[in-house]
Trainee: 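This is the structure I want to talk about, given as structure tokens.
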Amino acid sequence: IGAFPDVEGERHLVKGIPGSPPDLREAIVGCPFADRCPLVIGRCRVETPALRAVGPDHLAACHLAKVEDAA
């Protein structure tokens, strides 16, 4: 989220994701961000996370994303 600029707010430098993206010439096993994520767990390296709703109008593909309760 920090890598997305705020188009309506004050201008500032956005945070980048360290490292390089995966080589798309090779099959990606697991999460494509596993090598660059500070929260990586073993599951990330072997299983691609499913895209799921984690809040109103918010989708995430992360094994650690918490699904927001519909209250």
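Residues take their numbers from the sequence shown, with the count starting at 1.
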Trainee: Please tell me if the side chains of R45 and V29 come closer than 4.5 Å, counting only heavy atoms from C-beta onward.
Mentor: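 No - every pair of side-chain heavy atoms lies 4.5 Å or more apart.
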Trainee: Checking T48 side chain against C31 main chain: does a donor-acceptor pair fall under 3.5 Å?
Mentor: no
Trainee: Quick check: closest heavy atoms across I28 and P22, and the distance to 0.1 Å?
Mentor: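 Of all heavy-atom pairs spanning I28 and P22, the closest is CD1-CG, 3.8 Å.
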Trainee: Where the side chain of R52 meets the backbone of C62, is there a donor-acceptor pair that is under 3.5 Å apart?
Mentor: yes
Trainee: Kindly compute the distance separating OG (S20) from CZ (R36), expressed to the nearest 0.5 Å.
Mentor: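 Answer for the OG-CZ pair, S20 versus R36, is 7.5 Å.
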Trainee: Please answer: with hydrophobic residues joined when any side-chain heavy atoms are less than 4.5 Å apart, are L59 and V54 in the same cluster?
Mentor: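 Looking at the clustering, V54 is in a separate group from L59.
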Trainee: Answer yes or no: is there a donor N or O on one side and an acceptor on the other, between the side chain of H63 and the main chain of E47, under 3.5 Å?
Mentor: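 Yes; at least one donor-acceptor contact below 3.5 Å.
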